[in-house]
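The basis for the numbers below is simple: all heavy atoms, side chains too, and nothing from hydrogens, waters or symmetry mates. Here the structure is a predicted model, which is why all the values come from computation and not from measurement. Below, chain A is the first sequence line, B the second, and so on; all start at residue 1.
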Protein chains: 2
Amino acid sequence: MTVGHARGGSLLTALSDAGARVTEPRRAVAALIGAQDGHFTTAQLLTAARLEYPGLGRATIFRALDLFTSLGFVERMDLPGGGHAWVACETAHHHHAICTRCGRSTEVDDHGLADVLASVAGRSGFRVTTHRLEVFGTCASCLAATA
Amino acid sequence: MTVGHARGGSLLTALSDAGARVTEPRRAVAALIGAQDGHFTTAQLLTAARLEYPGLGRATIFRALDLFTSLGFVERMDLPGGGHAWVACETAHHHHAICTRCGRSTEVDDHGLADVLASVAGRSGFRVTTHRLEVFGTCASCLAATA
DNA sequence: GTCCATGTGAGACACAGTATCAACTAGAGA
DNA sequence: TCTCTAGTTGATACTGTGTCTCACATGGAC
């Protein structure tokens, strides 16, 4: 997976820029997130943490996840079944296309969504401040594999 | 709120069509949902149930909510803060625009979203099976009230 | 009215996430 | 390098949400 900045130096930079400390547990959580392939659930992260960093506290993982979310390094998203998951992010505003077979997530830009939202606003008089688009389906590799 | 069919006879019809029984507790849950203004959380529904139908079990409410969801009478949606809520639905496939001031939800049809999804599919080779769009902002009435 | 599959309520349980608190430590300044 | 302190940590208890089980009740077909 391409965790991008969550793995490299920019996470450390962003942490200190935000006035937060660069600590061992936070590096560990960042590494765990980086090791996840596609989206991941809290349970998966906690399991991986127990294996790889047995000393890492549960609360610490939740706190780091919160912190990384507020810094835009990860994003919380909701699965069709009702559960929720996290994805490491590369860019500022985008959406996710989740492959329901392999679990990998692809970042998707707005394409023409702005027009759709403008249309919603125009018809209903609604002033849009935030939106969330989640797309589920089968990715190109999985399609190719089953072809 | 316009719960539409969830209040009228069509819920009863749909229940029996689906081979499910039309029971007192299910009517009570339907009435509770109908009495909610806009979207509602499980906690709100449980509180309302305690007040209006003290004999109604917690598990029964969750089961009814599940059943109504599978029948398309209510839909689960996720709020920006990470929590989730339910909305009573009128039509088959649609999305919701939630007013963050008054909490009311407006149903929004696909407008040009199909094109956006086709564009996603075209660029990435992704085959889209499901999608979810949630829009948050301020509704026309709240805008008018603050104008 | 009878019968039985379906539905119910109660309560235990599992799990996710939060709050608290004493101990620890990153990192700034001397 | 050392000291100091505010930010961070792990442990643990707690809360809230949703599920599961089971004995009992009941809707509705006959």
Which nucleotide in D:dG10, D:dG27, C:dG9 has an atom nearest any side-chain atom of B:Leu56 | C:dG9
Taking atom C1' of C:dA19 as reference, at what distance in whole Å does atom CG of A:Asp66 sit?
-> 13 Å
What's the closest nucleotide to the B:Arg76 side chain, out of D:dG18, C:dA16, C:dT6?
-> D:dG18
Of B:Leu46 and B:Glu24, whose nearest nucleotide on DNA chain D comes first from the 5' end?
-> B:Leu46
Can you tell me how far C1' of D:dT12 sits from CD1 of A:Ile61, to the nearest Å?
-> 16 Å
In whole angstroms, how far is the P atom of C:dG17 from the CD atom of A:Gln44?
-> 13 Å
Between atom CG of A:Leu117 and atom CZ of A:Arg127, what is the distance when rounded to the nearest 0.5 Å?
-> 14.5 Å
Out of D:dC20, D:dT9, D:dG27, which nucleotide sits closest to the side chain of B:Ala59?
-> D:dC20
Rounded off to whole Å, could you give me the CZ-to-C1' distance for the A:Phe68 and D:dT8 pair?
-> 13 Å
Determine whether any donor atom in the side chain of A:Arg21 lies under 3.5 Å from an acceptor atom in the base of D:dT8, or the reverse, and answer yes or no.
-> no
When all nucleic acid strands are considered with a 4.0 Å heavy-atom cut-off, which category describes B:Thr60: base, sugar-phosphate, or nothing?
-> base
Between the CG atom in A:Leu32 and the OH atom in A:Tyr53, the distance rounded to the nearest 0.5 Å is 5.5 Å
Any idea which of D:dG18, C:dG17, C:dA5 is nearest the A:Thr42 side chain?
-> C:dG17
Please state how far atom CZ in B:Arg50 lies from atom C1' in D:dT17, giving the value in whole angstrom units.
-> 13 Å
The single option from B:Thr42, B:Thr41, B:Thr69 that satisfies side chain to side chain donor-acceptor pair (under 3.5 Å) with B:Trp86 is B:Thr42
Interatomic spacing from CD in B:Gln44 to NE2 in B:His39 - rounded to 0.5 Å = 7.0 Å
Look at the side chain of B:Arg63 against the base of C:dG9 and say whether a donor-acceptor pair falls under 3.5 Å; ignore hydrogens and angles.
-> yes
Starting at CG of A:Leu65 and ending at C1' of C:dG17, how long is that distance when rounded to a whole Å?
-> 11 Å
Rounded to the nearest angstrom, tell me the gap between atom CZ in B:Phe62 and atom C1' in C:dG11.
-> 14 Å
Can you tell me if the side-chain N/O atoms of B:Thr23 get under 4.0 Å from OP1 or OP2 in C:dT6?
-> no
Per A:Arg26 side chain, nearest of listed nucleotides C:dT8, D:dT9, D:dG18 = D:dT9
State the CG-CZ distance between B:Leu15 and B:Phe68, to the nearest 0.5 angstrom.
-> 5.5 Å
From C:dG17, D:dT8, D:dG10, pick the nucleotide closest to the side chain of A:Arg58?
-> C:dG17
